[in-house]
Amino acid sequence: MNIPAELKYTKDHEWIRIEGDTAVIGITDFAQSELGDIVYVEVETVDETLDVEEVFGTVEAVKTVSDLFLPLTGEITDFNEKLEDEPELVNSDPYGDGWMIKMTFSDASQIEDLLSADAYKELIGG
């Protein structure tokens, strides 16, 4: 299971890469493997400001649809439009080309509440 040490994680299986005051967010390798083949990613919250743990979109696999939860409070600024034509990038490259959104966060102290790679590994029983 691929769990990059430089990223932060949530109990809901999102990963977060902090780049200055921007966060790049996707779902983890564990989450995509549990979901199976991703067929659709829907994010209709670009340019909206949401609170931590609010639903920012959904990911649809062959057998299920899962909500995506925002790990930090802030404004969603960008959606990875590659996923409109190639949702399978979430399966093949969850930490790279399979990223889902970018956002500007408004409360940096919330980063401290996110899980480290080791804590996430423990959460999923790794």
Side-chain angles (χ1 to χ4, degrees):
M1 194 61 53
N2 183 10
I3 305 172
E6 70 276 9
L7 302 178
K8 296 290 189 181
Y9 301 88
T10 70
K11 63 181 176 22
D12 298 309
H13 310 290
E14 283 91 17
W15 60 262
I16 303 92
R17 183 173 59 241
I18 305 297
E19 299 175 345
D21 63 352
T22 298
V24 182
I25 297 160
I27 64 169
T28 65
D29 190 29
F30 175 82
Q32 70 78 22
S33 68
E34 291 289 301
L35 287 168
D37 292 337
I38 307 292
V39 294
Y40 189 66
V41 178
E42 180 175 52
V43 174
E44 295 183 346
T45 50
V46 174
D47 297 328
E48 291 183 26
T49 299
L50 300 175
D51 288 329
V52 65
E53 296 188 3
E54 277 195 81
V55 173
F56 70 83
T58 57
V59 61
E60 185 175 331
V62 174
K63 296 179 184 169
T64 188
V65 175
S66 293
D67 286 337
L68 298 166
F69 299 96
L70 203 61
L72 301 165
T73 297
E75 181 182 352
I76 298 170
T77 57
D78 196 11
F79 168 65
N80 183 357
E81 292 183 3
K82 281 186 187 175
L83 300 181
E84 289 179 356
D85 296 324
E86 299 177 86
E88 66 275 8
L89 288 170
V90 175
N91 293 118
S92 63
D93 192 10
Y95 302 113
D97 286 339
W99 66 272
M100 294 181 175
I101 64 166
K102 292 183 180 178
M103 67 173 296
T104 53
F105 52 90
S106 54
D107 184 355
S109 71
Q110 291 176 337
I111 295 168
E112 295 169 22
D113 297 331
L114 299 172
L115 302 174
S116 67
D118 287 341
Y120 182 69
K121 198 176 296 180
E122 201 170 293
L123 175 79
I124 61 173

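Side chains are part of it too, since the values below use all heavy atoms of this structure and drop only hydrogens, waters and symmetry mates.
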**Study point:** Flag, side chain of Glu14 to backbone of Phe69, donor-acceptor distance under 3.5 Å
**Key:** yes
Check your understanding: Measuring from Ile27:CD1 to Tyr95:OH, what's the distance to the nearest 0.5 Å?
Key -> 9.5 Å
Point to revise | Spacing of Phe105 atom CZ and Ile18 atom CD1 [to the nearest 0.5 Å] | key: 4.5 Å
Point to revise | Between NZ on residue Lys121 and OG1 on residue Thr28, distance to nearest 0.5 Å | key: 13.0 Å
Check your understanding: Quick one: CE on Met103 to CD1 on Ile25, what's the gap to the nearest 0.5 Å?
Key -> 5.0 Å
**Study point:** Same apolar cluster: Trp99 and Phe30, side chain cutoff 4.5 Å
**Key:** yes
Review point. Does the pair Ile101 and Leu68 meet the rule for a side-chain contact (heavy atoms from CB on, under 4.5 Å), with working shown?
Key: CA-CA 11 Å; Ile101 64 166; Leu68 298 166; over 6 Å; no
Review point. Under the 3.5 angstrom rule, does the side chain of Thr77 hit a backbone N or O of Lys102 as a donor-acceptor pair?
Key: yes
**Study point:** Residues, nucleotides or ligands: over 12 heavy atoms within 6.0 Å of Glu112 CD
**Key:** no
Check your understanding: Backbone N or O of Asn2 within a donor-acceptor pair of the Asp29 side chain at under 3.5 Å?
Key -> yes
Review point. Checking Asp97 side chain against Leu89 main chain: does a donor-acceptor pair fall under 3.5 Å?
Key: no
Considering only distance and modelled atom types, tabulate donor-acceptor pairs under 3.5 Å from the side chains of residues 35-58, sequence neighbours left out.
unit_1	atom_1	unit_2	atom_2	d
Thr45	OG1	Phe56	O	2.8
Glu54	OE2	Asp51	N	2.7

Practice item. Report yes if some heavy atom in the side chain of Asp12 is under 4.5 Å from a heavy atom in the side chain of Asp67; otherwise report no. Key: no
Practice item. Only counting residues at least two apart or in another chain, list the ones meeting ring pair (Phe, Tyr, Trp, His ring centres under 6.0 Å) with Tyr120. Key: Tyr9, His13
Exercise for review: Could you pull out the closest heavy-atom pair between Ser109 and Asp107, with the gap in Å?
Suggested key: OG-OD1, 2.6 Å
Check your understanding: Where do Val24 and Glu19 come nearest, in terms of heavy atoms and distance?
Key -> CG2-OE1, 3.6 Å
Practice item. Supply the atom-to-atom distance Thr104 OG1 to Asp21 CG, rounded to the nearest 0.5 angstrom. Key: 6.5 Å
Review point. Would a distance-only check, ignoring hydrogens and angles, find a side-chain to backbone donor-acceptor pair under 3.5 Å from Trp15 to Pro4?
Key: no
Revision key, fill the gap. Only one of Thr10, Leu70, Leu115 passes side chain to side chain contact (heavy atoms under 4.5 Å, CB included) with Ile16, and that residue is Thr10
Check your understanding: At their closest point, which heavy atom of Pro94 faces which heavy atom of Ser92, and how far apart are they?
Key -> CD-C, 3.7 Å
Check your understanding: Among the clusters formed by ILVMFWY side chains lying less than 4.5 Å apart, do Phe79 and Val59 turn up in the same one?
Key -> yes
Review point. Of the non-hydrogen atoms in Ala5 and Ala117, which two are nearest, and what is the gap between them?
Key: CA-CB, 3.7 Å
